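The structure appears below as structure tokens.
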2 protein chains.
Amino acid sequence: MSSENPTRRKILNAAWTLLEQGGSQIRMSDIARAAGISRQALYLHFPSRAELLVAVTRHLDEEKDIDARLAESRNATTGQARLAAFIAAWGNYIPEIRGVARALMAMADSDAEARAAWDDRMDAVRQGCAAAVTALARDGQLDPALDEGRATDLLWGLLSVPLWIQLRETCGWSQEAYLAEMQRLAGRALLAEG
Amino acid sequence: MSSENPTRRKILNAAWTLLEQGGSQIRMSDIARAAGISRQALYLHFPSRAELLVAVTRHLDEEKDIDARLAESRNATTGQARLAAFIAAWGNYIPEIRGVARALMAMADSDAEARAAWDDRMDAVRQGCAAAVTALARDGQLDPALDEGRATDLLWGLLSVPLWIQLRETCGWSQEAYLAEMQRLAGRALLAEG
DNA sequence: TGGTAGCTTGACGCCATGTCAAGTGAGAAT
DNA sequence: ATTCTCACTTGACATGGCGTCAAGCTACCA
């Protein structure tokens, strides 16, 4: 796929590394230097900073094989198992895309293209939430106080990147604590009592 | 307090109006035009964009009298009542500061001063969360799976501005739906079962 | 009459993104 | 060996924010 071009790969890896380390304020010149090419040469491969960031996320999806990870949750038999598997899969993916996610979210405020790209990816997460909620509803486990749309929104919000950042980075939770708490919280939020 | 200077007030009100309407990308020149003065004159009143935004939040706190609103939750007798009152008070304050909050959060990525100011305000919210959690614990209502710190972090996360934005703006929830769901969710998340 | 406070206009430096033009060097094609 | 082409380099430049500076205007005050 995107592995054709070696320079392109160097750029994407350099950008990814920098984004994971530094804040979201990485400049094009930083990426160029880290990739060992001139700043202008970046524009031979990516038309803009936004598209470079988007390409980094796609590159990560490939390298980390997010599809395979989510497959497990799709194969779960019960609704509860599907919910738990989805939370684990996505919750464990967030730390790996944390850097790019921050940069893309920061850019989304000012750049329509970045915004569209981020929204698109979050829509995919929402699909996963919706599928888990539907499975719960099918099993009759969904809290009657919630319709499926409302429940999906709620789960999507609980699994949002900003909340992950707040709990893990601001509050200093470990990844294990985050996952455990999210599993517990999602269960309490969505499941019928009893 | 800050009401001394009429031009200063004009600036703060203009900035506030613009921030509530437009995105977080309001420029100094926009604010100046809306306030009816020159761009350079802004700097006679505020040393930087960051400090202007911070001043807007303080100005809002004064105008909207956030202290009085929170007083109600402090006067609640039971822990549950205190929790409910705090969620209502803060949850109803968010829409009023939404614009400035967005701008300040966007700026926090790149500007240390903006970041410090925002963190400071969020710390105050955390205090409120901690007080509610402590009241619950005192009543023996806190879920034994949670210690007070963990519970406070959780409540703080649930009441975070990004989550409000996602549910209300991205998902299109009404303010009433947001409040109702938060009340329900906070109860489920924090209270002992039964 | 003179001073001062608060504003205006116009120009400038800084810094990031993105563009353009001219060159260089290695490898392929002939 | 010559030529062509591709990927890159260097250097310069436009654009558009923020923030600063200098000089001038005006209304009010002593």
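Predicted, not measured: the structure shown is a model, and the values here were computed from it. Below, chain A is the first sequence line, B the second, and so on; all start at residue 1.
- The interatomic distance linking B/I26 (CD1) with D/dC18 (C1') rounds to 15 Å, in whole Å.
- For A/A41, taking side-chain heavy atoms from C-beta onward, the closest of the listed nucleotides C/dA11, D/dC8, D/dG17 is D/dC8.
- Remark: B/R168 is not positioned above the aromatic ring of B/W173, lacking an NZ or CZ atom under 6.0 angstrom from the ring centre and at most 45 degrees off the axis.
- In this structure, of C/dC7, D/dT9, C/dT19, it is C/dT19 that holds the atom nearest to the side chain of A/Q40.
- Taking every side-chain heavy atom of B/L44 into account, C/dC7 is the closest of D/dC18, C/dC7, D/dC8.
- Atoms OH (B/Y43) and P (C/dT8) sit 14 Å apart, rounded to a whole Å.
- A/M28 places its CE atom 20 Å from the P atom of D/dT15, with the value rounded to the nearest Å.
- Counting only N and O atoms by type, the side chains of B/Q80 and B/D139 include no donor and acceptor under 3.5 Å apart.
- Geometrically, B/R69 does not engage B/W90 in a cation-pi contact defined by less than 6.0 Å to the ring centre and at most 45° from the axis.
- Within the structure, a side-chain polar atom (N or O) of B/T7 is placed less than 4.0 Å from OP1 or OP2 of C/dC7.
- As rounded to whole Å, 8 Å separates atom P of D/dG17 from atom CG of B/D30.
- For D/dA7, neither phosphate oxygen OP1 nor OP2 lies less than 4.0 angstrom from any side-chain nitrogen or oxygen of A/H45.
- In the interface, the side chain of B/R39 is paired with the base of D/dG19 through a donor and an acceptor atom under 3.5 Å apart.
- Here the P atom of nucleotide D/dG17 and the CG atom of B/L42 are 15 Å apart, to the nearest Å.
- Here the side chains of B/L60 and B/K64 are in contact, with some heavy-atom distance below 4.5 Å.
- Nearest nucleotide to the B/R27 side chain, out of D/dC18, C/dT17, C/dT8: D/dC18.
- B/R33 has its CZ atom 14 Å from the P atom of C/dT8, to the nearest Å.
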